[in-house]
Amino acid sequence: MNALGFSRARNANRKRFLMALALLLSVTSLAPVANASPVTIRLWHSYRGGEQQALDESVKRFEAAHPDIRVESLANPYESFASKLSTAIPNDNGPDLFIFADDRLGGWAKTGIVAPLDGKVGAAKWASFLPQTVKPLSFDGHIWGLPLAFKTLALFYNTALVKAPPKTTDELVRLAQSRTGSGSFGLAYTADNFFNHAPWYLGFGGVLFYPDGRVGLSSPGAIQSFAFVQDLSRRGILPKEPDDATVTRLFNQGHAAMVIDGPWFAAEIDRSIHYAVAPLPVVSATGKPASPFLNDEAVYVSAKALHPREALLLAEYLAGTESALIRAAVGRQVVASKAAWTDPRLQHDLFLNAFRQQAETAVPIPKRSEMLDVWEAGKLALKMVLRGSTPKAAALAAEHRFYAINPLSAPAKSPLPYLFLLFGLALGILALVIRWLAGVARRGEGKRFRLGWSWAAPAMIATFILIFVPFAIGLGLSFFRHHEGHFIFIGWANFGDILGQHRFRLTEPLSFYYSLVVTVAWTVVNLAIHVTLGLGLALLLNKPTLKLKAVYRVLLIIPWAVPNYITALLWKGMFHEQFGAINAMLKLLGLHPVAWFSSFGTAFFADVCTNAWLGFPFMMVVCLGALQSIPRDLYEAAEVDGAGAWAQFRHVTLPLLQPALIPAVLLGMVWTFNAFNVIYLVSGGAPDNRTDILIAEAYRWAFQRQEQFGYAAAYAALIFVILLGWSVVSQRIARRAEAVR
Amino acid sequence: MASVELEKVRKSFGDAHIVKGVSLSVATGEFLVLVGPSGCGKSTCLRMIAGLEEITSGDIRIDGQRVNDLAPRDRDIGMVFQSYALYPHMTVKENLAFGLTLRKVPKTEIDARVNEAAKMLEIEPLLARRPKELSGGQRQRVAIGRSIVRRPQVFLFDEPLSNLDAALRVQMRAEILSLHRRLGTTMVYVTHDQVEAMTLATRIAVLNEGVLQQVGPPAELFHHPANRFVAGFIGSPSMNFFDGVVAHGAFESNGLTVALPVGVQGLAEGTPLTLGIRPHDVTLGEGGAMGGIQVVESMGWEAFLHVQIAAGRVVARVEGALAQSKSGDRVSVKIDSARIHLFDADGRTLVSPQDAGERGLSARASA
Ligand SMILES: Nc1ncnc2c1ncn2[C@@H]1O[C@H](COP(=O)(O)OP(=O)(O)O)[C@@H](O)[C@H]1O
Ligand SMILES: [Mg+2]
C-alpha cells in the first residue's frame, strides 16, 4: 500500500458521512473506566496482510510478558485513518497509541494529538534506531514517535534483462533505451505521481520550500527534473499514461526491464519473474543521488491516552529488537532498529538491505501542511510535461496551482449571531409542533395519533439518524474552516470565496462556475444520449416480430448489472493511449492513435462514452416498460385515422411515453449531475481538472487539498441547493406530464 | 358510401385456421351485423376489412375495388373499437380532429366537421375534456364521432357496446340506428349479442368457428334458421332441442312423441332427428309430457318455466296465472307438431313452422 494515499474512488458524501458519524459517536460513547485491572490499552493501525500478522504476533508476545495489560488493537482502513485520528483523539475517543507515517506529524504535534516522547525515552533507546528514521519524527524541538520501519522507493529490475543495475541516470537512460522497443519498456513507473518523481526532483536539486516559505516548484532543479521525465517519455522508455496496474502487468510479463517502486511492490511480482532491488542511480547532471522520500512508520502515544505509561511500554516493545525481527521476517518490513540489522537473517536479506541502503540518501517529507498541496501541484506539472508542455510552463502552472488550492485563511467569526438565528428557528419550529400537538389533543385524536406515530417512528428515527443528522452536520460544516484537526467558524466565507471567484479566473478549471458549466454540459449531453439510445433500443426490442427478445434484453441490461466502477475502469483501459482497445482499432483502420486524456474534448468524450454505456439500460428499461403499456389498438386507431409509422411515433408513442420518461430523465439528471465514479475513475479530471464535475471538485477539496472539509462542504451545500432548485422545477414538469395520462 | 364484398376469405395464424372461406357481400347503405359466439373470428373478419390484419387468401373489395394490399388509411373506412381506443393525451376535440389533421384538411373545415359531429352525438360540452374525464357512454360517443368526422365510405364497429351497462346499451343501440338512418353509410357491425344483432341489422350474418352459417334479415333467421346452430343462437331464451329418431311415423325421444309435420312424413323409420321448439311455442295443458318445474324465471305477467321431462329439459314461456307457478310444481308440457323445427343428423333444417305472418292469419282464421 502506498503510504501517500492514492485513495480509491469514494463518494465524497459518503466520506463526509463517515466523519460525521465519527463525530456523533465521539459525543455519545463513554470513556472506559480507569483503574480496572487488568488495564486495557487501545492500539490503532492501518496494517493489513503480513504487516498486520507481524503486529499481532508482537502484541501477543507483549501481552504474555505483561499479564496486567490487555491490548485491544484495531485495524483501520487507510483512506480514512488520518481523519479518524484527527477527530477522535481531541474528542477523548481515540486510542492510547497508534501507528502512522511521519507525514502528518507536524499538524498532530501542533494540535496536541500526539505526546512528545523525548523526555520519557532514554538516550540509549534513541541511539538504537537508524538515525534517518529518528530525524523525521522530530518536530519543534521534540521527538514524537518511536520508529518501527520505513519505506522508500528503489529500483526493481528484471535480472533476465538487466545484469547490473545502472549507477547513474546516463547509464539508466542508455540501458533502458536498449531494452525498449516492440512493446517493451526500459523503465516503468507511475511517472505522473509526484511521490515517484521526488527522487529526480531532489536529485536535480529541486527545492520543495524556500526558507521564506515560498514553494520551489519552479526552481531550476525542479524544471530540470521535469525535463528529464519528459525526455524519458519522448524516448519511449516510459509507457504512456502509466498506472499501477499497467506497471505491474508490464513487469510481470517481462515487458518492463526496470521499475521504480516501494517494498510493497514485491507482493505484486509474479513468481516466474526473477528480480532484484538496487538503490536509485546518481543524477549525472548534478552528481547527486536520486533521493526518494522516506516514509517513516512510527508508533505514537496519544496526547489524550488514558494509560500513557502502559502505552509507552507497548510502544517501546514494538520499537524494540524482538518486535523488529518479527516485522522483518513476517511483515517483510524494512525495520528501524539498528540491532535487528546485526541479526544474520537480516544481514543476508538482499531485498531488505537494498532499501536500507536507499535510506541513506532518502529524505523525510517536509512537515508542513502545505506539502499536501504539493502532491496535486506536482502531479499537474508531471501530467503537463508528459503531454508535451515545456517544463518551464509546467513548473509555473504547478506553482500557480499550489497557491490556488492553499486553504482559505478566513478569520474566525463569532458564531453567536448564527446561533441566535438557529435558536430562533428551532424555537419557531418547536412552537409550531406544540401548536399542532395541542390541536391534536383538543380534537381528542390522541390515541389515533400515538398509534400512528408509533408505527411511523422506527422509519422516522432511522431517516433522522441516517439522513438528516449527517446532512445537518455537513451543512453546518460548510460554515467552518478546517485547520489541522480544528474547525474554525468563519460564517459565509466559504460560500463567499466559492461564488465570489477571488482565487481563480472564470475559465480556470478550479473555478466553481467553470465546473458548473462542465457539469451542466455533462448532464445534458449524457441524458440526451441515454434517452436516444434507450428509446431506440426499446423501440427495437418492442417490435413484435423480433426474435430472441429475451436474450437481447438480458444482454442489454448487463452494463447496468456490472458494478459501475468496474465498467469505468474497463473503459479507462480501453481509452489508454498505448494499450487501449480503441486506439488499437484506430490503428487497424490506419488512423492515428489519440491521446484521449490529453485534451478536454477527447477526455470528456471518453467520460461520456463510459457513462452512456452505464446509463442507457436504465432508460431502455423505462422506455420498454412504458412502450409495452401503450395499448395496441391506439396504434390501430391511428392507422385507420391515417397515421403512418412516423405519425404514430410522433402522436401516439412519444406523448404516451412522456409520463414514464420525464421522471426517469429528471432522476437521471440528478444521478448524472453527481456521477462522481465515472469522472473520477475514467478521466480523473484530466487534463488538469478540466473534466472534473462539481462533486469531483468537492471531493478534491476535502481529501486531496489539505482537508478543506468546510470548503468542500460548502461545495456540497451548493450542489444540494442547485439540485433542490432543479427538483422543484422538475416536479412541476413531471406533474404536468402526469396530467396527460 | 360503398359496398363491401368478401370472397372466399381465409385467415390463419400459423396452424390455427380462424376464418375458413367467408364469402359475404354488404350492399351500399346496408347495416350488416356479423354475429357469433366469442372466438369465432368476427373481429378477425372485421380487422381484415379494415386492413389491420392481412388476408391469408381470398379477396376483399370495397366499392368494387380490391383492397387486399391497401393500408388501412387508404381504404376510407372508419372503425370503432371495443375499447374505444381514444388517444388519452388528446382532448375530445383533438381526438375527433386527429384524422382530419393528418390529412391536412383546412382548419376551418376541421372545426366545422368536428362541431357537426359533436352536435349530432351531443358531446359538444365535452370537447375540451380528456378521455379519462368521460363516462363509458361518453367515450363511446367520442369514438363514434372520431370515425364519422372523416365521412368514410364504410363504418366498422367491433362490439362497441359491450363495455356499457344494460340501460345505456339500449339507448346507444337506438342512437346508432338513428345515426345510420341519418348518414346512410354502409355499416358492418360485430357483436356476440344476438339481441343487438336482431334490433340493429338490416341483415345478419351468423358466423361460427370461422364459417358463415346464414345471412339474411333478422326475421328470416328467426323463423327459418338454416341449421341447428342458427336456430339455437338466434332467439332468447334459446330454442329447446330434443334428439330422437323417427319411430312409427312420428318423432320419438325418450317418451316424448310428436307427430311429424307435413313435408317430412316420408322419412324412414329410425332416421336420427333433432326437434327444436321455441319457448313461446311450448304450451302447458292436459295430455302432454309430465315434468317438474325446476326454475321459474318470472317477469311478473309472463315467466319462463324450466321443466324437466323425461326427454330432457324444456323452457316454456307462460303468461297470466301460469306465471305464478312455483318450482317443484308438476305440469304437463305440450309440443305442437305445427310449431316444431326438425333438423337432420348434420344439423340442417328439414322443416320450420310457418312464419309469423302466416301464423297470425291462421290464428285469426281459427278464432
Ligand atoms: N394475432 C393472433 N394470433 C393468433 N391467434 C389469434 C390472433 N388474433 C386472434 N386470434 C385467434 O382467433 C380466434 C378468433 O379471434 P377473434 O376474431 O378475435 O374472435 P371474436 O369472434 O371473439 O372477435 C380466437 O381464437 C383468437 O384466439
Ligand atoms: Mg372480438
Side-chain angles (χ1 to χ4, degrees), chain A residues 531 535 538-539 542-550 622-666 730-741, chain B residues 13 43 46-54 70-91 94-105 129-133 139 142-150 152-160 163:
Chain A
V531 170
L535 180 56
L539 286 172
N542 199 39
K543 270 218 156 68
T545 49
L546 188 73
K547 300 242 158 47
L548 294 176
K549 233 182 256 189
V622 168
C623 289
L624 198 57
L627 282 178
Q628 283 169 349
S629 75
I630 301 178
R632 222 169 75 97
D633 53 14
L634 286 186
Y635 291 105
E636 295 182 339
E639 232 179 310
V640 171
D641 268 341
W646 169 249
Q648 286 177 37
F649 177 73
R650 164 87 188 65
H651 296 291
V652 179
T653 310
L654 265 191
L656 292 181
L657 224 47
Q658 267 188 27
L661 200 54
I662 287 185
V665 167
L666 299 177
S730 64
Q731 283 294 322
R732 233 171 255 165
I733 300 175
R735 221 172 295 140
R736 209 174 315 144
E738 238 163 65
V740 162
R741 270 263 153 118
Chain B
F13 294 106
S43 297
L46 198 72
R47 293 162 56 78
M48 286 191 290
I49 299 172
L52 296 171
E53 210 77 75
E54 277 201 51
L70 284 188
R73 58 179 155 156
D74 300 324
R75 295 189 182 196
D76 202 6
I77 44 138
M79 183 152 171
V80 177
F81 294 82
Q82 180 173 358
S83 60
Y84 317 137
L86 298 178
Y87 310 117
H89 54 290
M90 299 184 193
T91 60
E94 287 163 342
N95 264 285
L96 294 180
F98 185 61
L100 299 176
T101 318
L102 285 177
R103 288 185 160 80
K104 306 239 156 53
V105 175
R129 298 208 197 156
R130 289 189 198 279
K132 71 170 177 193
E133 299 162 325
R139 286 181 207 186
V142 177
I144 294 171
R146 183 172 61 182
S147 55
I148 63 180
V149 287
R150 284 202 346 264
Q153 298 196 57
V154 180
F155 281 127
L156 306 175
F157 292 86
D158 190 355
E159 312 222 13
N163 287 343

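Numbered from 1 within each chain, the chains take letters A, B, ... in sequence-line order.
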Return all side-chain donor-acceptor pairs below 3.5 angstrom for residues 79-88 of chain B, not counting sequence neighbours, or 'none' if the list is empty.
| unit_1 | atom_1 | unit_2 | atom_2 | d |
| --- | --- | --- | --- | --- |
| B:Gln82 | NE2 | B:Ser162 | OG | 3.0 |
| B:Ser83 | OG | A:Asp633 | OD2 | 2.2 |
| B:Tyr87 | OH | A:Ala638 | N | 3.2 |
| B:Tyr87 | OH | A:Asp641 | OD2 | 2.8 |

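Residue A:Ile630 comes nearest to A:Leu634 through the heavy atom pair CG2-CD1, 4.3 Å, listed as atom of the first residue, atom of the second, then distance.
Of the atoms belonging to B:Leu102, it is side-chain heavy atoms, and not backbone ones, that fall under 4.5 Å from chain A. With a threshold of 4.5 angstrom between heavy atoms, B:Arg75 does not approach chain A through any atom at all.
A donor-acceptor pair under 3.5 Å is formed between the side chain of B:Glu94 and the backbone N or O of B:Thr91.
Applying the side chain to side chain contact (heavy atoms under 4.5 Å, CB included) criterion to A:Lys543, with sequence neighbours excluded, gives A:Thr545, A:Leu546.
The candidate with the highest count of non-hydrogen atom pairs below 4.5 Å against chain B, out of A:Ala647, A:Pro631, A:Ala637, is A:Ala637.
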